[in-house]
Amino acid sequence: MTFTAAAIQMCSGVDPERNAAAMARLVRDAAGQGAIYVQTPEMTGMLQRDRAAAKALLRDETNDVIVRTGSELARELGIFMHVGSTAIALDDGKLANRGYLFGPDGKILNRYDKIHMFDVDLDNGESWRESAAYRPGSEARVLSLPFAEMGFAICYDVRFPTLFRAQAVAGAEVMTVPAAFTKQTGEAHWEILLRARAIENGVFVIAAAQAGRHEDGRETFGHSMIVDPWGRVLASAGPEGEAVILADIDTAAVKSAHDKIPNLKNGRDFSIERVPGAVAGGVAA
C-alpha cells in the first residue's frame with residue numbers, strides 16, 4: 001500500500017504550551033498536504049537543560065499537554081499522529097522519554113520508551129547523562145497499521161543496529177527515528193546512520209528532528225529525513241528551523257529490496273572466539 005508520510009522539524013523551547021501550539025500548526029500543515037501519518041521530533045514538548053526547571057513543568061501522561069494535543073490533532077485531522085517523544089513524569093521520580101502513536105480516533109495505539117540512554121562526553125566539551133533523569137525502556141515494538149508494519153526507535157537508538165534488525169525480522173517495513181541529535185554528532189553520523197539502518201534491513205526510515213539553537217543554549221542538527229529501503233533520501237529538511245517534509249511510501253518497495261538482497265533470510269547464527277595474536281617481543285603460541 002502507498003501512503004503519504006510527513007516528518008515535522010521543530011526547534012522546541014522551554015515552554016510546553018508554546019511547543020504544543022507550534023506542533024499543532026505544523027501538523028495541520030502536513031495533513032493539509034495529504035499526509036496520513038505525521039511524526040514529530042524527540043522531545044517535542046520541551047528542551048530544557050535545567051533539570052529543576054524542567055521537572056517543575058513536567059506532568060504525567062494523563063495531564064501532559066503534548067499527549068493531549070497529539071490525541072486531539074489525530075482525531076481532528078483523521079490521521080495517525082506520532083509524537084516522536086516527550087518527557088513524561090513517572091511515579092518513582094524518574095522521567096520517561098516516551099513516544100506516542102495516536103489513531104484517527106485519538107486513542108493511543110502505541111507507547112515506546114527510548115531504550116538506549118545518551119550518556120556521552122563529546123570532544124567539544126558537551127557532556128550528557130540521560131540516565132541520570134530518565135528510566136530506559138526495555139521493550140521494542142512492531143505495530144500493524146492499515147498501511148504498514150511499523151517499528152519504533154528514538155534518537156540514540158539509531159546507533160544500535162540489533163534493535164532495528166530485530167524489528168525487521170519481526171516484520172517491520174517502516175522504522176521511525178524521531179531525534180534531537182547534537183550538532184557535532186549529527187554532522188558526523190546522522191545521515192549515514194539513517195541510510196545504513198534502511199539499507200541493511202530493507203526498510204523505510206522516517207526521522208523527524210529538532211533543529212537549530214534552542215532556548216536552553218543547545219544546538220541540534222536538524223536535517224529531518226525520509227529514506228527508502230535502497231538507502232535513497234526521498235525528502236530532507238535544512239539545518240535550522242521548522243519544516244514539513246513529505247514522501248509517498250510504497251511498502252511494495254520493501255519486498256522488492258528483500259527479494260534483491262535477502263539478508264534477513266541469509267543471516268546465520270555463529271559463535272565467536274577471541275584468538276591471541278601478535279604480542280610484544282614475538283608471536284603468541
Side-chain angles (χ1 to χ4, degrees), residues 1-12 19-45 66-86 99-112 141-155 172-180 194-195 197-198 203-211 222-229 232-238 241-254:
M1 179 177 177
T2 300
F3 68 99
T4 301
I8 302 297
Q9 184 159 288
M10 298 178 65
C11 186
S12 293
N19 296 329
M23 176 181 76
R25 171 173 46 80
L26 292 164
V27 170
R28 289 191 179 102
D29 183 358
Q33 296 185 60
I36 65 166
Y37 164 84
V38 181
Q39 179 193 125
T40 69
E42 180 184 28
M43 288 295 143
T44 292
I66 296 296
V67 175
R68 182 176 70 249
T69 304
S71 173
E72 291 170 352
L73 286 167
R75 186 168 54 251
E76 170 196 336
L77 301 169
I79 61 172
F80 290 84
M81 172 69 202
H82 184 181
V83 173
S85 88
T86 197
Y100 293 89
L101 184 66
F102 302 92
D105 60 0
K107 294 181 180 178
I108 297 172
L109 297 178
N110 186 64
R111 297 172 178 85
Y112 171 73
R141 309 291 298 275
V142 175
L143 183 66
S144 294
L145 296 174
F147 44 81
E149 300 291 313
M150 184 168 288
F152 297 85
I154 296 173
C155 200
E173 300 166 312
V174 177
M175 305 288 197
T176 61
V177 193
L194 294 176
R195 296 179 70 191
R197 298 297 86 86
V203 297
F204 288 91
V205 172
I206 303 173
Q210 295 281 358
H223 296 89
S224 298
M225 200 169 293
I226 302 175
V227 183
D228 80 358
R232 292 173 292 218
V233 177
L234 301 180
S236 62
E242 296 177 345
V244 176
I245 62 170
L246 299 98
D248 291 331
I249 306 296
D250 182 357
T251 54
V254 174

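For reference, positions follow the sequence shown, starting with 1. This is a predicted model, so every value here is computed, not measured.
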Report task. Apply side chain to side chain contact (heavy atoms under 4.5 Å, CB included) to the pair Gln210 and Met10, showing each step before the final yes or no. Result -> CA-CA 5 Å; Gln210 295 281 358; Met10 298 178 65; 3.9 Å; yes
Can you name the nearest heavy-atom pair linking [X] to [Y], along with the distance?
X      : Y      : result
Ser224 : Ile245 : O-CD1, 3.4 Å
Leu77  : Ala31  : CD1-CB, 3.8 Å
Pro178 : Pro41  : CB-C, 3.8 Å
Glu42  : Ala180 : OE1-N, 2.9 Å

Identify all side-chain donor-acceptor contacts of residues 99-110 below 3.5 Å with residues at least two apart in sequence or on another chain.
unit_1: Tyr100; atom_1: OH; unit_2: Glu61; atom_2: OE1; d: 2.7
unit_1: Asp105; atom_1: OD1; unit_2: Lys107; atom_2: N; d: 3.0
unit_1: Asn110; atom_1: OD1; unit_2: Arg141; atom_2: NH1; d: 3.4

Do [X] and [Y] have side-chain heavy atoms sitting under 4.5 Å apart?
X      : Y      : result
Met23  : Met81  : yes
Arg197 : Val227 : no
Ile206 : Tyr37  : yes

Query raised in the report: Which residues satisfy the ring-ring contact (aromatic ring centres under 6.0 Å, His included) test with Phe147, sequence neighbours excluded?
Result: Phe3, Phe80
Query - side chain to side chain contact (heavy atoms under 4.5 Å, CB included) partner of Val205, the single match among Val177, Ile226, Val233 - result: Val177
Requested in this report: Would you check, one step at a time, whether the test side chain to side chain contact (heavy atoms under 4.5 Å, CB included) holds for Val27 with Ile79?
Outcome: CA-CA 10 Å; Val27 170; Ile79 61 172; 3.8 Å; yes
When rounded to the nearest 0.5 angstrom, what is the spacing between [atom1] in [X] and [atom2] in [Y]?
X      : Y      : atom1 : atom2 : answer
Phe204 : Leu234 : CZ    : CG    : 6.5 Å
His82  : Thr176 : NE2   : OG1   : 4.5 Å
Thr251 : Glu149 : OG1   : CD    : 9.5 Å

**Report entry** Ala148 backbone acceptor or donor facing Glu173 side chain under 3.5 Å
**Finding:** no
Requested in this report: Report the C-alpha distance between Ser12 and Met43 in whole Å, list the side-chain angles of each, state the deciding distance to 0.1 Å, and finish with yes or no for side chain to side chain contact (heavy atoms under 4.5 Å, CB included).
Outcome: CA-CA 8 Å; Ser12 293; Met43 288 295 143; over 6 Å; no
Report summary line: Those residues at least two apart in sequence (or on a different chain) that pass side chain to side chain contact (heavy atoms under 4.5 Å, CB included) with Ala24 are Arg28, Thr69, Leu73
